[in-house]
Amino acid sequence: MEQAERAPLADLPFGITGEDGPPDDLGDLLRRTALGDLDAFESVYRELSGPVFGLAQRILVDRAQAEEVTQEVFTEIWRLAARFDAERGGVRSWVLTVAHRRAVDRVRSEQAATSRMERVGQLVPEASPADDVPDQVEHRLEREKVRRCLRRLTEMQSEVVRLTYYTGYTQREAAELLRVPLTTVKGRLRDGLVKLRDCLGVGI
Amino acid sequence: MSTDNEVHGLTAGYAVNALTTEEQARAEEHLAECEDCHRDLAEFRATAVRLAYAEAHPPGEHVWRNLRSSVPNVRQLPPETAEKAPSRGPATVTSLSRRHRVLPWLVAAACLLLAVAMGG
């Protein structure tokens, strides 16, 4: 009967392990959120709204839309808090997977590829004005570390990671934009993620 | 098997939501049976968490104020219990599972129609 619960597909959105750092109390805060505890929910929000919003803004570019997505994501977290299974993976991966999916769905449904391409073209080199936020020291360190690791990728690998994860393109769209075969994009994405994983010391 | 390899190669794309709807469905079918892919997926997603943290930036405080006043009116779903049919997570897999659940009913309905037509 335990098997029934282990239906593999059910694991996908939640089946995420390899949280960085020691196990924190996010799982506990989420359990309290599931009981309707607004203080616990606020703590979850304070912990994760930065990356959720930052990621959404990176993908959507538009601040107001990114804030809408942030609100949708946390409403979803509130609604589904009781369904999160800590044994199956980390809270951060769950929340950020939901956030990425939401932002990408919105960008794909709302914008024609051409207008997106124009806007993305404008912000290619740099788009993070967050370095002056005083209480974000650990975020700044993380940003520097990730950038260091991104620089270790080949140009094609880092382009593919940027276009897919940070821009919301499908692999096919990335292939078209970069004028390379789809198989090349697939391979570079995989290689890029593996290199990043190793460089960042992500372990399961 | 080239198709197997091809499907296997979808894990990275799946982890960063870079698949078309059709590829995504194939990836989910494959992931359901591929233990190694689960590990890859978990690691890729954990890596993606770091990419997201690198972009962290606080939203305006009104976002929290809106949530603070709206969520008390949002119904929280109960935990999924063991006796339920294989539990399905939210988000990306629902469309697939829904399709799987609808098909048998369609077949049953078609059979019934046929039986009625032939009987009458």
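A quick note: this is a predicted structure, and the numbers were derived from the prediction, not measured. Each chain gets a letter, A, B and so on, in the order the sequences are listed, and its residues count up from 1.
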Using non-hydrogen atoms only, which part of [X] is less than 4.5 Å away from chain B: side chain, backbone, both, or neither?
X: A/Leu35; value: backbone
X: A/Leu96; value: side chain
X: A/Val52; value: neither

Check against side chain to side chain contact (heavy atoms under 4.5 Å, CB included), A/Val202 and B/Phe44: CA-CA 9 Å; A/Val202 173; B/Phe44 290 153; over 6 Å; no
Exercise: do A/His139 and B/Glu55 side chains pair donor with acceptor under 3.5 Å: no
Exercise: do A/Arg92 and B/Tyr53 side chains pair donor with acceptor under 3.5 Å: yes
Could you measure the distance from the [atom1] atom of [X] to the [atom2] atom of [Y]? Nearest 0.5 Å is fine.
X: A/Arg190; Y: B/Thr11; atom1: CZ; atom2: OG1; value: 6.0 Å
X: A/Thr97; Y: B/Asn17; atom1: OG1; atom2: CG; value: 7.5 Å
X: B/Glu23; Y: A/Leu182; atom1: CD; atom2: CG; value: 6.5 Å

[X] atom [atom1], neighbour heavy-atom count above 12 within 6.0 Å:
X: A/Arg46; atom1: CZ; value: yes
X: B/Arg68; atom1: CZ; value: no
X: B/Glu61; atom1: CD; value: yes

A/Arg83 side chain to B/Leu77 backbone, donor-acceptor under 3.5 Å: no
Polar side-chain atom of A/Gln57 near backbone of B/His57 as donor-acceptor pair, under 3.5 Å: no
Closest-packed option against chain B by number of heavy-atom pairs under 4.5 Å, given [options]:
options: A/Val95, A/Leu48, A/Val146, A/Asp105; value: A/Val146
options: A/Cys199, A/Ala56, A/Ala81, A/Ala82; value: A/Ala82
options: A/Phe41, A/Trp78, A/Tyr45, A/Phe74; value: A/Trp78
options: A/Gly36, A/Pro51, A/Ser49; value: A/Pro51
options: A/Leu150, A/Leu38, A/Val104, A/Val160; value: A/Leu38

State, to 0.1 Å, how close [X] and [Y] come at their nearest heavy-atom pair, and which atoms those are.
X: A/Leu196; Y: B/Leu51; result: CD1-CD2, 4.0 Å
X: B/Ala54; Y: A/Tyr166; result: CB-OH, 4.2 Å
X: B/Val16; Y: A/His100; result: O-CE1, 3.1 Å
X: B/Leu19; Y: A/Arg108; result: O-NH1, 3.7 Å
X: A/Leu193; Y: B/Thr47; result: O-CG2, 4.1 Å
X: A/Arg79; Y: B/Arg75; result: CG-O, 3.2 Å

Contact winner vs chain A - B/Pro59, B/Ala48, B/Ala52, heavy-atom pairs under 4.5 Å: B/Pro59
Partner residues of A/Asp37 under the salt bridge (Lys or Arg N to Asp or Glu O under 4.0 Å) criterion, sequence neighbours left out: A/Arg32
A/Glu72: salt bridge (Lys or Arg N to Asp or Glu O under 4.0 Å) partners, not counting sequence neighbours: A/Arg102, A/Arg106
N-O pairing of B/Arg50 and A/Glu142 below 4.0 Å: yes
Sidechain N-carboxylate O distance under 4.0 Å for B/Arg65, A/Glu42: no
